[in-house]
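See below for the structure under consideration.
Everything numeric here is computed off the predicted structure, so don't read it as measured data. Order of the sequence lines sets the chain letters (A, B, ...), proteins ahead of strands, with each chain counted from 1.
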2 protein chains.
Amino acid sequence: MFDALINMIPPTALHQSDYRKGEAVFWQDDPTRGIFCVESGQINLQRAMQSGHVVTMHRATAGTLFAEASLYSDRYHCDAVCIEPASVICIEKQEFTRRLAQEPDLSLAYGKLLATQVQTYRQTLEILSIKSARDRTLVAVSCGYLSGPVTEFATRIGLTHEACYRALRQLCDAGMLIQTGRGKYALPDPA
Amino acid sequence: MFDALINMIPPTALHQSDYRKGEAVFWQDDPTRGIFCVESGQINLQRAMQSGHVVTMHRATAGTLFAEASLYSDRYHCDAVCIEPASVICIEKQEFTRRLAQEPDLSLAYGKLLATQVQTYRQTLEILSIKSARDRTLVAVSCGYLSGPVTEFATRIGLTHEACYRALRQLCDAGMLIQTGRGKYALPDPA
DNA sequence: TCAAACATATGACCGAAATCATATGCGTTT
DNA sequence: AAACGCATATGATTTCGGTCATATGTTTGA
């Protein structure tokens with residue numbers, strides 16, 4: 001939850017906006033306006049590769065922040081695209097940075113935020129380091145990466161959706177996963 | 001590097017320890033003592049899944065921090081096991097947290113350290129998202145990832161050393177890289 | 001409500017990278 | 001100097017996942 005952060009920032013430095021599916025909060029290389037809080041909906045943090053295809057770097061869901069690292073850079077380094085109608089609050093960069101230096105509580109909360117992000121990236125890197133599509137898929141599911149569509153999940157863990165579907169099928173056949181519905185998979189009960 | 005941090009912490013709040021392969025720095029659900037700096041060796045951050053098998057979440061190497069998030073939780077949420085004889089420094093949680101709140105310089109340095117890590121991880125993620133071994137190798141070299149042995153470089157970018165050598169050979173043949181020595185490659189002058 | 005877009009799935013085929021094998025260069029260590 | 005470990009390097013074979021094709025279910029919005 002980002003309430004702790006929000007409450008330390010004067011309302012004049014906060015800017016709420018609504019986005020519809022497909023709309024962008026910002027684009028890569030836009031000048032950094034600030035960091036964002038997702039009140040509702042979902043925002044995809046993604047980067048367009050030089051080859052043209054898009055890789056999802058993070059999926060910001062209700063109650064989470066995104067673009068925290070923008071405080072340390074002049075330009076956003078990825079696109080933020082709404083994938084589910086969202087309400088988003090922007091915290092002005094300048095005001096936030098100023099208060100970071102002055103208010104220990106805010107600084108502490110901010111540190112926690114960054115530490116959590118680092119943790120997430122490390123886990124993603126670890127998952128990507130798994131060569132076998134089957135094993136990678138299993139670990140990713142175990143770590144709760146499969147929350148939305150399988151296609152999205154597949155790109156997040158560096159697989160084509162076909163390879164991902166095949167891996168899921170294999171894992172179900174092997175009894176290591178259970179299909180709970182169309183496009184829905186869960187870990188079996190550790191009975 | 002964590003020297004900047006260490007120098008701002010009184011030695012009484014620092015605890016150096018040596019670990020041998022297989023020994024644990026901490027176990028999941030242990031009360032959090034603090035965050036750790038790896039001077040040498042390697043520490044595996046891993047978690048036992050409910051299914052029983054162990055998932056590696058991160059591999060902490062020399063010059064890096066781990067368990068940063070422990071500052072914000074009472075218990076460690078994974079095991080830290082030595083996988084290569086290691087020297088590790090523990091920064092006492094209470095003292096570090098106290099100083100973070102009181103000393104803006106430390107807070108700033110810590111924030112920057114974490115932010116830098118975020119940037120690095122994102123760059124690595126981008127590199128890993130490049131499917132072609134040739135292109136991935138080229139980008140990785142461009143980003144300065146090839147500093148040590150090629151074998152180590154190869155594993156860092158998710159390739160076998162054989163595939164990496166072949167990619168380097170191809171890139172040299174195509175004139176996109178120049179071999180400056182045995183196991184040494186550089187970008188050609190953009191003349 | 002109807003079409004378009006998207007997601008779920010699976011099969012066939014192919015190619016790139018992993019694997020296996022081999023050889024040599026280089027720096028220690030004994 | 002000889003032996004050993006490690007890195008460099010490349011060739012042959014295999015395998016796994018990408019690409020392409022196809023079909024159907026589901027959501028969305030016009």
Side-chain angles (χ1 to χ4, degrees), chain A residues 18-23 41-42 44 46 49-56 59 81-86 127-141 145-174 176-186, chain B residues 42 84-85 127-141 145-174 176-186:
Chain A
D18 292 323
Y19 296 90
R20 318 214 310 182
K21 184 175 177 179
E23 288 181 328
Q42 289 192 349
N44 235 24
Q46 56 195 35
M49 299 287 106
Q50 50 273 47
S51 61
H53 68 281
V54 167
V55 171
T56 297
R59 178 197 289 218
V81 178
C82 178
I83 56 174
E84 179 184 308
I127 286 172
L128 289 182
S129 78
I130 300 171
K131 296 267 177 54
S132 149
R134 225 193 64 150
D135 294 348
R136 189 191 302 179
T137 301
L138 177 59
V139 171
V141 171
Y145 277 55
L146 177 45
S147 50
V150 176
T151 50
E152 158 90 19
F153 168 72
T155 50
R156 281 171 67 187
I157 64 172
L159 293 175
T160 60
H161 60 91
E162 295 98 325
C164 196
Y165 281 122
R166 276 190 283 264
L168 289 167
R169 163 69 41 225
Q170 286 177 41
L171 289 165
C172 285
D173 289 350
M176 307 177 79
L177 280 183
I178 293 175
Q179 184 162 17
T180 58
R182 189 180 161 77
K184 293 200 155 197
Y185 302 83
Chain B
Q42 289 191 351
E84 178 185 307
I127 286 172
L128 288 182
S129 78
I130 300 171
K131 296 201 314 293
S132 150
R134 225 194 62 150
D135 295 347
R136 189 192 301 177
T137 301
L138 178 59
V139 172
V141 171
Y145 277 56
L146 177 45
S147 49
V150 176
T151 50
E152 191 208 317
F153 167 73
T155 49
R156 281 172 65 188
I157 64 172
L159 293 175
T160 60
H161 60 90
E162 295 99 323
C164 195
Y165 280 122
R166 276 190 277 265
L168 289 166
R169 161 68 42 224
Q170 286 176 41
L171 289 165
C172 286
D173 289 349
M176 307 176 78
L177 280 183
I178 293 176
Q179 184 162 17
T180 58
R182 190 180 162 78
K184 293 201 153 194
Y185 301 83

Quiz item: Once you round to the nearest 0.5 Å, how far does CG of B:D135 lie from CG of B:L171?
Solution: 8.0 Å
Practice problem: To the nearest 0.5 angstrom, please state how far the CD1 atom of A:I127 sits from the CZ atom of A:R156. | Solution: 9.0 Å
Practice problem: To the nearest 0.5 Å, tell me how far A:Q170 CD sits from A:D173 CG. | Solution: 8.0 Å
Quiz item: Which whole-number value in Å describes the distance from A:K131 NZ to D:dT14 P?
Solution: 20 Å
Quiz prompt | Atom of A:V150, atom of A:C164 and distance for their closest heavy-atom approach | solution = CG1-SG, 4.1 Å
Exercise. For DNA chain C, determine which residues of residues 151-160 of chain B have any heavy atom closer than 4.0 angstrom to one of its atoms, and list them numerically.
Key: B:G158, B:L159, B:T160
Practice problem: Kindly compute the distance separating CE (B:M176) from OH (B:Y185), expressed to the nearest 0.5 Å. | Solution: 15.5 Å
Exercise. To the nearest Å, give me how far apart CZ (A:R136) and P (D:dG17) are.
Key: 8 Å
Quiz item: Is there a donor-acceptor contact under 3.5 Å from the side chain of B:R136 to the main chain of B:G158?
Solution: yes
Quiz prompt | Strand contacts (DNA chain C) in residues 162-171 of chain B, 4.0 angstrom heavy-atom criterion | solution = B:E162, B:A163, B:R166
Quiz item: Can you find a heavy atom in the side chain of B:L159 that is under 4.5 Å from one in the side chain of B:F153?
Solution: no
Quiz item: Do the non-hydrogen side-chain atoms of A:T160 and A:Y165 ever get within less than 4.5 Å of each other?
Solution: no
Quiz item: Which atoms form the tightest heavy-atom contact between A:A186 and A:T180, and what is the distance?
Solution: CB-CG2, 3.8 Å
Quiz item: Which atom pair, heavy atoms only, marks the closest approach of B:L128 to B:I157?
Solution: CD2-O, 3.4 Å
Quiz prompt | chain B footprint on DNA chain C, 5' to 3' - any atom under 4.0 Å from a heavy atom | solution = C:dA17 to C:dC26
Self-check item: Spacing of A:L168 atom CG and A:L146 atom CG [to the nearest 0.5 Å]
Solution: 6.5 Å
Distances under 3.5 Å between nitrogen or oxygen atoms of protein and nucleotides 25-30 of chain D:
from, atom 1, to, atom 2, distance (Å)
D:dG25, O4', A:R182, NH2, 3.4

Exercise. Mind checking the CD-CG spacing from A:E152 to A:N44? Nearest 0.5 Å is all I need.
Key: 4.5 Å
Self-check item: Partners meeting salt bridge (charged side-chain N to carboxylate O under 4.0 Å, His left out) with B:R182 (sequence neighbours left out)
Solution: none
Practice problem: With DNA chain D as reference, determine whether B:K184 or A:A133 sits nearer its 5' end, using the nearest nucleotide of each. | Solution: B:K184
Exercise. Could you tell me, to 10°, how much the axis swings from one end of the helix from C:dT1-D:dA30 to C:dT30-D:dA1 to the other, five pairs per end?
Key: 40°
Quiz item: Nearest heavy-atom pair of B:A174 and B:R134: which atoms, and what distance?
Solution: CB-NH1, 4.3 Å
